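Shown next, in structure tokens, is the structure this report addresses.
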Amino acid sequence: MDYDAIIVGAGPAGLSAGAALARAGRRVLCLDRESFGGQVMNTEWVEDYPAPGERIAGPALGSQFVEAAAGAGAELELGEVTEIETYSGCRSVTCADGKTWTANAVIIAGGLRPKKLGLPAEDRLGGRGVIHCAFCDAGLYANRAVAVCGGGHAGLVEALLLAKHASRVHLLESQPALSAPPELQARARAEPKLDIRCGHRVAEIAGKDSVSAVVIENVASGARERLEVHGLLARVGFEAPTEYLLGVAPLGEAGCIEVLGDMRTEAPGIFAAGDIRCGSPRRAAAAVADGVRAAAAALAFLQSPL
Ligand SMILES: Cc1cc2nc3c(=O)[nH]c(=O)nc-3n(C[C@H](O)[C@H](O)[C@H](O)COP(=O)(O)OP(=O)(O)OC[C@H]3O[C@@H](n4cnc5c(N)ncnc54)[C@H](O)[C@@H]3O)c2cc1C
């Protein structure tokens, strides 16, 4: 066996699990398809995390998780896991580049990805006006107009972040009202650059080489309007990146992984932690707690696999 445990996803959940297992003297590999630290690295400020002060900078928090896991002896490697196979005493994990490792236990901590709008130009203009990370790319839209879809927590956080640089941020919510927490809505309504339009959705994205406009539609009347924007970011919900787990672990709504109380799944030797598991509160502190619980369950499994 190459490792005692392989962890899919090096965010708060995966790195906390990795740190706990490595501290217990286990051989651990944490794999991530993008970078190490997870979603908090793409978040300006993380609120509601138990740390000195009212909030902590996302990249600073993410770096702490990386240092904790690496410092404890977990190996960190870039690679997108595309296949997991289970055998009676072993699990094999394969990445998109063809690399394969074996381990006794696997912890899935792959987080969530934003849902797409499902519009034809969305993929074609990805990274060319269709924004995936406001924190990473906001500076590219300085003094330009952008649109954000989604009136929930994530949509408003991203819209307020973009408003620091953009000349105008059109915030579009297809429902009649925003669903973000009231204090966030109050901040959004106080931001003069935000143009909040409930009951509207994006019907078309225009642009040949990059986004030049969006056509929005009034959901009730069907009336359409063209907004000249250089950027569009969608935060209309999240889904779990678990296509490769079909038939491996039990999946629930939007692809989330069904877990028992201690983060075990019904598949022997497969555990899940963090945002990706069904019922997650989707907060960084909760992901850390999940990671620690999954590590404890994996340790018990390693000691007594049956
Ligand atoms: C805009 C925004 C603001 C937020 N603000 C806050 C806040 O203020 N406070 C708070 O507590 N929480 C906040 N959150 C939520 C918080 O970021 C998450 O709850 C937390 O990051 C979840 O940790 P995780 O480890 O489960 O998943 P993630 O942090 O998403 O990490 C999962 C990792 O898995 C990797 N991965 C996925 N699939 C694969 C695969 N197949 N192979 C290899 N790697 C894979 C991904 O690349 C990613 O790095 C916010 C989230 C967003 C989007």
Side-chain angles (χ1 to χ4, degrees), residues 6-19 29-51 54-59 61-62 65-66 69 76-84 93-97 99 101 106-115 131-136 138 148 150 152-162 180-181 183-184 233-245 248 255-257 259 263 272-294:
I6 293 178
I7 298 172
V8 184
L15 292 169
S16 301
L29 173 65
C30 298
L31 290 165
D32 201 293
R33 66 177 168 203
E34 280 173 20
S35 58
F36 306 121
Q39 180 60 47
V40 292
M41 298 300 264
N42 300 332
T43 308
E44 187 178 28
W45 296 107
V46 175
E47 324 229 355
D48 345 311
Y49 191 85
E54 276 181 27
R55 55 187 191 172
I56 180 166
L61 182 62
F65 296 133
V66 176
L76 274 58
E77 184 154 339
L78 288 177
E80 178 174 9
V81 174
T82 51
E83 190 176 8
I84 293 179
V93 175
T94 302
C95 282
D97 62 5
K99 280 188 192 163
W101 298 270
V106 174
I107 299 176
I108 317 285
L112 297 173
R113 67 176 170 225
K115 281 187 185 165
I131 308 167
H132 298 298
C133 169
F135 184 50
C136 321
V148 173
H153 178 273
L156 264 63
V157 167
E158 305 282 45
L160 284 164
L161 181 54
L162 285 164
E183 64 278 10
L184 198 53
L233 180 139
R235 286 293 178 266
V236 293
F238 290 87
E239 59 193 6
T242 49
E243 293 80 3
Y244 66 99
L245 290 171
V248 176
C256 67
I257 303 175
V259 289
M263 305 298 142
D275 282 11
I276 201 167
R277 61 109 172 151
C278 300
S280 163
R282 299 188 188 176
R283 307 308 285 165
V288 170
D290 272 14
V292 173
R293 290 170 81 191

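If you read the sequence from its start, that first residue is 1, and numbering goes on from there. Keep in mind the model is a prediction, meaning the values are calculated, not measured. As the structure lists them, so they are numbered: ligands from 1, and atoms in each ligand from 1.
Regarding atom 14 (N) of ligand 1, its nearest protein heavy-atom neighbour is R283 NH1, 4.3 Å. In terms of protein heavy-atom proximity, atom 49 (O) of ligand 1 is closest to D32 OD2, 2.6 Å. When hydrogens are left out, the protein atom nearest atom 50 (C) of ligand 1 is T43 OG1, 4.5 Å; that is the closest non-hydrogen contact.
Within the 4.0 Å heavy-atom cutoff, G37 does not count among the residues contacting ligand 1. Under a 4.0 angstrom heavy-atom cut-off, V46 registers as being in contact with ligand 1. The shortest separation from a heavy atom of F135 to ligand 1 is not under 4.0 Å, leaving the residue out of contact. Residue contacts with ligand 1 include Y244, since one of its heavy atoms falls under 4.0 Å from the ligand.
Only the backbone of A109 comes within 4.0 Å of ligand 1, counting heavy atoms alone; no side-chain atom from C-beta on gets that close. Only the side chain of A287 comes within contact range of ligand 1, with a heavy atom under 4.0 Å; no backbone atom does. Here Q39 has heavy atoms under 4.0 Å from ligand 1 in both its backbone and its side chain. At a heavy-atom cutoff of 4.0 Å, ligand 1 is contacted by the side chain of V8 but not by its backbone.
A distance of 8.0 Å separates CZ in F135 from OG1 in T43, rounded to the nearest 0.5 Å.
With atom 45 (C) of ligand 1 as the reference point, the heavy atom nearest to it among R33, E243, R235 is part of R33.
Using a 4.5 Å heavy-atom cutoff, the side chains of I56 and V40 are not in contact.
Between E80 and ligand 1, no pair of N/O atoms sits closer than 3.5 Å. Taking any N or O of A285, backbone or side chain, none lies under 3.5 Å from an N or O belonging to ligand 1. At under 3.5 Å, not a single nitrogen or oxygen of H153, backbone or side chain, sits near a nitrogen or oxygen of ligand 1.
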